[in-house]
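Encoded as structure tokens, the structure appears first; notes follow it.
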Amino acid sequence: MGVKLTFYGHACFLIEGGGAAIIVDPFLNGNPLAPVKAEAIKADYVLVSHGHGDHLGDTVEIAKRNKATVISNFEIATYCQNQGVEAHPLHIGGGWNFPFGRVKLTVAHHGSALPDGSYGGNPCGFLISIEGVKVYHAGDTSLTYDMKLIGEEGIDVALLPIGDNFTMGPDDALRAVKLLEPKVVIPMHYDTFDVIKQDPEAFAKAVEEQTSAKAVVLKPGESFTYP
Ligand code: NI
Ligand code: MN
């Protein structure tokens with residue numbers, strides 16, 4: 001039992017719980033570090049944090065083949081619907097109770113243009129509540145004091161970018177942990193490109209020395225189950 005998170009590289013996680021398989025930011029076929037190809041993914045829902053290619057990734061293919069529902073902001077949901085995919089639009093601060101649990105979109109400071117240049121709305125993170133477990137996927141974002149408010153909801157597992165250059169780096173991600181006060185932190189969005197090479201073990205060590213959170217470093221393909 002518990003909620004199982006499998007890391008597929010970059011910002012992609014498969015979350016299994018509440019009777020559903022939910023994939024977040026499935027950038028697989030374009031990512032040489034991804035341990036699986038899009039055609040191997042079985043998912044009921046696809047969550048997309050923003051329009052950039054390293055997050056939208058293989059969303060349309062996975063959603064079509066699985067008859068999965070895309071959950072994203074209004075602009076990206078509409079973009080997917082226009083390609084024949086089921087989608088449930090949400091927007092920042094809003095949530096919806098799905099059969100597996102609740103998804104709420106959170107603030108992320110970043111960009112969100114779609115690969116064809118169309119407007120992707122505001123980027124987001126996700127607060128996902130499944131079987132009483134709260135998972136926060138930050139998306140691509142800077143450190144923001146809004147994380148204090150997000151943390152007030154009681155985060156069990158926080159998935160945080162540490163790559164720097166495009167998002168928070170390790171130092172700001174450590175400050176984010178102090179605002180969020182999650183029970184577990186899993187770093188993401190590093191090593192995929194030369195400009196985001198990082199040492200996740202050094203980040204994990206700093207988290208465990210300076211906060212009460214447990215840090216879990218997953219290699220692509222590895223899983224973590226909470227609780
Ligand atoms: Ni991005
Ligand atoms: Mn990105």
Side-chain angles (χ1 to χ4, degrees), residues 5-15 22-38 41 46-63 70-80 87 89-92 103 105-128 135-144 146-147 150 158-173 176 180 185-200 203 217-220:
L5 300 116
T6 303
F7 182 49
Y8 284 149
H10 206 52
C12 181
F13 287 83
L14 182 72
I15 303 174
I22 302 133
I23 194 158
V24 186
D25 286 356
F27 172 52
L28 300 171
N29 291 352
N31 179 8
L33 300 184
V36 288
K37 292 289 180 208
I41 298 299
V46 186
L47 273 56
V48 184
S49 68
H50 63 291
H52 293 162
D54 58 318
H55 297 262
L56 181 75
D58 307 298
T59 292
V60 170
E61 189 217 304
I62 290 169
V70 170
I71 302 172
S72 191
N73 70 18
F74 177 79
E75 290 81 1
I76 293 170
T78 304
Y79 172 89
C80 291
L90 292 169
H91 234 306
I92 315 293
V103 177
L105 299 203
T106 61
V107 165
H109 291 293
H110 194 66
S112 183
L114 285 152
D116 67 359
S118 55
Y119 177 62
N122 286 316
C124 70
F126 299 102
L127 197 53
I128 307 161
V135 177
Y136 170 53
H137 185 297
D140 277 6
T141 185
S142 68
L143 174 68
T144 161
D146 291 293
M147 289 169 177
I150 295 166
L159 314 174
L160 302 181
I162 65 160
D164 210 349
N165 196 81
F166 297 118
T167 66
M168 303 190 277
D171 293 347
D172 278 354
L180 290 161
V185 181
I186 302 176
M188 63 173 183
H189 211 276
Y190 61 91
D191 284 2
T192 322
F193 318 119
D194 283 343
V195 292
I196 61 171
K197 286 245 186 292
Q198 294 295 341
D199 179 351
F203 170 73
V217 176
L218 296 178
K219 292 191 180 67

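We use all heavy atoms of the structure for the numbers below, so side chains are in, but hydrogens, waters and symmetry mates are not. When a ligand or atom number is given, it counts from 1 through the structure's own listing order. Model, not experiment: these values are computed from the prediction.
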Side chain to side chain contact (heavy atoms under 4.5 Å, CB included) partner of His189, the single match among Asn165, Ile162, Asp54: Asp54

Which residues pass the side-chain contact (heavy atoms from CB on, under 4.5 Å) test with Asp146, not counting sequence neighbours? Val107, His109, Thr144, Leu149

Quick check on the Ni ion (ligand 1): does Asp140 put an N/O/S atom closer than 2.8 Å to it? yes

Kindly say whether Ser142 contributes a backbone atom to a donor-acceptor pair with the side chain of Thr167 at under 3.5 angstrom? no

Any protein N, O or S atom under 2.8 Å from the Mn ion (ligand 2)? Found Asp54 OD2, His55 NE2, Asp140 OD2, His189 NE2

Side chains of residues 116-125: which donor-acceptor partners sit under 3.5 Å, not counting sequence neighbours?
from	atom 1	to	atom 2	distance (Å)
Asp116	OD1	Ser118	N	2.9
Asp116	OD1	Ser118	OG	2.6

Name, closest N/O/S atom of His52 to the Ni ion (ligand 1): ND1

Which residues pass the side chain to side chain donor-acceptor pair (under 3.5 Å) test with Ser49, sequence neighbours left out? Asp25

Output field: ring centroids Phe27/His10 closer than 6.0 Å: yes

Can you establish whether the number of heavy atoms outside Lys219 located under 6.0 Å from its atom NZ is more than 12? no

